[in-house]
Amino acid sequence: MEEYAREPCPWRIVDDCGGAFTMGAIGGGIFQAVKGFRNSPSGINHRMRGSLTAIRTRAPQLGGSFAVWGGLFSMIDCGLVKVRGKEDPWNSITSGAMTGAILAARMAMVGSAAMGGILLALIEGAGILLTRFASAQFPTGPQFAEEPAPMPASSFGDYRQFQ
Amino acid sequence: TCNDPGSRSAGGFGLFGSAGPQYSKTELAGVPLTGMSPLSPYLNVDPRYLIQNTDEFILPTGANKTRGRFELAFFTIGGCCITGAVFGAVNGLRMGLSETRNMAWSKPRNVQILNMVTRQGATWANTLGSLALLYSAFGVIIEKARGAEDDLNTIAAGTLTGVLYKSPGGLRGAARGGLVGLTLSGLYAFYNNWDHLKGSSPTRY
């Protein structure tokens with residue numbers, strides 16, 4: 001497996017936007033295929049056509065909203081990296097909270113912010129646990145210079161300071 | 001020995017004989033200087049060893065020199081999304097301003113223009129993003145199926161994207177879409193290979 005490499009910060013935004021769009025569009029496509037299939041009149045022709053119509057209309061919309069979330073998250077993340085001067089999981093958690101807040105600006109802002117922050121804290125926490133678990137397999141411990149788990153390198157650049 | 005030119009003192013120059021452009025004491029060089037014009041009296045390495053016609057970069061095992069389509073895919077898709085969003089926003093601004101031409105500057109007018117901007121931005125971003133997604137997916141599939149990578153993949157992926165995108169319009173719509181895709185990807189491939197066709201080496205993938 002090739003080494004996972006993230007782009008430097010300005011281009012990371014475009015990459016994350018594209019990745020989020022892909023996730024949203026493909027996930028949405030599968031979901032809408034099933035939904036369109038079920039919500040169509042009986043008969044395989046109708047069902048196929050309904051399924052395809054649902055995919056064509058809804059999947060790009062879902063991809064678009066995922067892309068907005070991903071792009072905004074990445075933009076705030078890169079901004080925090082530049083302001084703070086370091087990369088660690090706190091950046092991601094704060095970015096998640098702020099993204100949730102901004103995107104729900106007209107509605108319940110605090111609730112969305114809390115949800116976004118908690119979601120990202122869970123993701124980052126899972127990532128950290130995975131890295132610790134994977135590195136515990138190596139008996140030499142902290143002297144091992146290489147990160148064994150190919151997770152997003154940005155959050156674990158300063159991993160050693162948390163040990 | 002005096003391998004480092006920085007460590008050379010005035011006395012060391014005598015090792016190489018006379019202070020002229022000719023490298024006269026060739027038997028003192030210690031390395032074969034066959035067939036090469038003397039480049040410098042300070043050069044004590046056979047200049048043939050300095051010619052590099054191999055790659056300048058050292059690659060880890062299993063890595064290829066340029067980025068594959070899959071790594072470029074997210075960047076392409078994201079770039080098309082953002083381009084679509086910007087274009088749609090500008091278009092929405094234009095349409096909003098022309099539609100509310102007769103209104104005074106008030107909150108409803110601003111709201112209407114803002115709605116136009118966001119809607120057009122979202123629509124264009126989704127359209128361009130899904131086109132880029134289809135193109136990248138076809139490109140990766142064709143590359144894996146063929147096992148090779150060149151501009152033929154680009155053109156084929158573009159054509160297939162056009163066909164699939166316009167397939168709801170029936171056979172004729174699909175054919176038209178395929179033609180548009182063929183033209184656009186053909187132009188892109190042509191632009192990429194412009195240097196190569198002109199005779200010099202291409203500067204980018």
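It should be emphasised that the depicted structure is a prediction, and the values quoted were computed from it without experimental measurement. Residue numbering restarts at 1 for every chain, and letters A, B, ... go by the order of the sequence lines.
- Atoms CZ and OG, on A:Phe21 and B:Ser130 in that order, are 5.0 Å from each other to the nearest 0.5 Å.
- More than 12 heavy atoms of other shown residues, nucleotides or ligands fall within 6.0 angstrom of atom CE in B:Met116.
- Atom CZ of A:Arg38 has 12 or fewer heavy atoms from other residues, nucleotides or ligands within 6.0 Å.
- Within the 4.5 Å cutoff, the side chain of A:Pro60 has no heavy atoms near those of the B:Thr127 side chain.
- For the residue pair A:Asp15 and B:Phe75, the shortest heavy atom distance occurs at OD1-N, 3.2 Å.
- Residues B:Leu133 and A:Ala25 share a closest heavy-atom pair of CD2-CB, 3.6 Å.
- Heavy atoms from other residues, nucleotides or ligands lying under 6.0 Å from CZ of B:Arg109 number more than 12.
- Heavy-atom minimum distance, B:Gly79 versus A:Val14: N-CG1, 3.3 Å.
- Here the straight-line distance linking atom CZ of B:Phe74 with atom CE of A:Met23 works out to 8.5 Å at 0.5 Å rounding.
- Summarising the local packing, CZ of A:Arg47 is surrounded by more than 12 heavy atoms from other residues, nucleotides or ligands at distances under 6.0 Å.
- If you measure heavy-atom distances from A:Arg56 to chain B, the contacts under 4.5 Å come from the side chain alone.
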